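Treat the numbers as computed from the prediction; the structure is a model and nothing was measured.
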Amino acid sequence: MITHELEPAPSPAGGAQPSGTAGGALTRVASALRLDRRYVPVIGTLVVLLGMFALGSSRYENFLSGRVISNLLINNSYLVVLAVGMTFVIIAGGIDLSVGAVVALSGITAASLFQSGWPAAVVIPLVILIGSVLGLVVGVMVHVFEIQPFIATLAAMFLARGLAYVVSLSSIPITNETIVWLSSTRIPLGETWSLTPSGIIALLVVAVAFVVLHYTRFGRTVYAIGGGEQSAVLMGLPVARTKVLIYVISGTCAGIAGFLFTVFSRSGYSLTGVGMELDAIAAVVIGGTLLTGGSGFVLGSVLGVLVLGLIQTIITFEGTLSSWWTRIVIGALLLAFVVIQRLLLVRRRV
């Protein structure tokens with residue numbers, strides 16, 4: 001059973017509580033620190049993000065401009081949605097390696113259908129449904145046939161990537177008016193700040209996921225499964241339905257991300273999204289979600305995506321560094337956060 005609060009420390013010998021105002025204040029501070037220990041990884045991510053902003057602003061001119069900060073969300077809106085779906089999966093103790101291939105399949109299918117003259121009102125729901133169906137297939141494999149999530153999602157990855165190759169081996173440009181409008185429209189929020197329809201969609205997905213994960217029975221069941229599936233079953237929670245729905249959510253988010261990436265690039269390509277599932281996993285882990293399951297936050301995953309985007313922005317501003325440095329820095333951060341998670345788990349067991 002997963003609890004979201006830690007039990008207060010036992011009273012001093014004899015049950016006496018510290019007396020006096022100072023003693024009471026220290027007790028309250030210590031209790032608050034123990035209560036908020038689960039937020040430590042997220043706070044660490046926020047500190048890293050703010051530190052990177054401070055470093056960039058001290059080194060580069062106009063780094064803290066509204067345009068640069070707005071572009072963080074605009075250029076990574078698809079990854080935000082992908083990380084949201086991955087958050088549900090990892091909190092439940094699973095993994096989803098198929099999301100990058102689903103992005104490619106959704107994008108190349110959309111481009112092919114647009115090229116054939118299909119209207120956007122039909123194509124957009126259809127490509128999102130593709131992700132949902134593949135997520136349902138994975139969920140059934142994981143729960144009904146008791147296949148390990150790594151193997152089930154690996155099979156789904158090969159399936160989705162193969163179907164993308166069947167649709168087309170070459171890049172297909174998109175000239176549909178709706179997609180062109182979505183990719184070119186910017187909503188001004190001030191002199192330098194702006195937002196795009198893709199950014200709005202990503203924020204809406206984050207808001208819905210936040211409410212579902214943190215304020216519904218379904219969300220509490222997701223945490224319970226990640227903390228201990230057998231315990232969740234003994235508690236009478238709907239484990240079977242929830243496990244399947246978790247992968248449906250991840251597949252749906254991958255379908256939405258595929259559509260957003262199509263809007264971003266105005267094309268579809270079967271090789272899109274290679275390694276994108278690893279970026280999503282890295283963002284979720286850097287955002288404070290435990291790989292062992294049972295703990296994590298949607299907003300933490302969003303911070304993780306912003307950290308990844310800011311690394312790329314700093315390297316772009318630097319100008320002299322190879323793009324491979326992005327992977328090097330992400331790998332170092334990921335290793336650091338995994339070590340921090342391990343230390344926190346050890347401290348909880350002590």
Side-chain angles (χ1 to χ4, degrees), residues 39-84 86-87 100 183-184 186-196 198-200 202-203 206 257 260-261 263-265 273-289 296-344:
Y39 296 110
V40 170
V42 181
I43 294 173
T45 306
L46 182 60
V47 170
V48 170
L49 183 65
L50 295 177
M52 291 172 65
F53 271 120
L55 174 65
S57 62
S58 64
R59 187 172 177 84
Y60 313 111
E61 188 178 354
N62 298 324
F63 185 82
L64 286 179
S65 65
R67 179 173 299 175
V68 171
I69 298 175
S70 296
N71 284 340
L72 272 180
L73 177 61
I74 293 170
N75 296 336
N76 295 284
S77 57
Y78 62 91
L79 188 56
V80 168
V81 175
L82 212 59
V84 165
M86 190 67 72
T87 303
S183 64
S184 60
R186 291 221 173 198
I187 304 168
L189 301 177
E191 293 184 1
T192 58
W193 296 79
S194 64
L195 197 59
T196 63
S198 294
I200 294 174
L203 292 176
V206 170
L260 294 181
F261 193 83
V263 171
F264 177 74
S265 62
V274 174
M276 196 178 287
E277 64 278 352
L278 302 181
D279 290 335
I281 293 171
V284 172
V285 174
I286 290 173
T289 299
F297 305 91
V298 168
L299 296 183
S301 297
V302 175
L303 290 177
V305 172
L306 295 180
V307 167
L308 299 188
L310 199 56
I311 291 171
Q312 182 62 58
T313 301
I314 290 175
I315 289 175
T316 301
F317 266 84
E318 188 67 30
T320 59
L321 294 177
S322 167
S323 60
W324 288 110
W325 277 98
T326 303
R327 297 298 176 185
I328 295 172
V329 176
I330 290 174
L333 275 177
L334 186 59
L335 179 61
F337 274 87
V338 168
V339 171
I340 291 173
Q341 288 183 5
R342 184 61 184 172
L343 292 176
L344 289 174

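Summarising the geometry of Leu79 relative to Val305, their closest heavy-atom pair is O-CG2, 3.9 Å, with the distance given to 0.1 Å. Residues Thr289 and Gly296 approach most closely at OG1-CA, 3.5 Å, considering heavy atoms. Listed here is the closest heavy atom pair of Tyr78 and Leu260: CB-CB, 4.0 Å. Between Met86 and Glu277, the shortest heavy-atom distance links the atoms CE-O, 4.2 Å. In terms of heavy-atom proximity, Val81 sits nearest to Ala202 at CG2-CA, 3.9 Å. Between Ala257 and Leu82, the closest heavy-atom pair is CB-CD1, 3.8 Å.
Residues Leu73 and Leu203 are in side-chain contact: their nearest non-hydrogen atoms beyond the backbone lie under 4.5 Å apart. Side-chain contact check for Leu195 versus Ile200: some heavy-atom pair is nearer than 4.5 Å. Within the 4.5 Å cutoff, no side-chain heavy atoms of Asn76 are placed close to those of Leu306. The side-chain heavy atoms of Arg186 and Ile74, taken from C-beta on, include a pair separated by under 4.5 Å. The side-chain heavy atoms of Val68 and Thr313, taken from C-beta on, include a pair separated by under 4.5 Å. Looking only at side-chain heavy atoms (C-beta outward), Ile314 and Phe63 come within less than 4.5 Å of each other.
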Residues Leu310, Leu49; criterion side-chain contact (heavy atoms from CB on, under 4.5 Å); working and verdict: CA-CA 8 Å; Leu310 199 56; Leu49 183 65; 3.8 Å; yes
Candidate pair Leu303 and Phe297, rule side-chain contact (heavy atoms from CB on, under 4.5 Å), full reasoning: CA-CA 10 Å; Leu303 290 177; Phe297 305 91; over 6 Å; no
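By the side-chain hydrogen bond (donor to acceptor under 3.5 Å, both in side chains) test, Arg59 pairs with Glu318, sequence neighbours left out. Listed by chain and number, the residues in a side chain to side chain contact (heavy atoms under 4.5 Å, CB included) with Ile311 are Met52, Val307, Ile315, Thr326, Val329, Ile330, Leu333 (sequence neighbours excluded).
Looking at Thr45, its side chain does come within 3.5 Å of a backbone N or O of Ile286 through a donor-acceptor pair.
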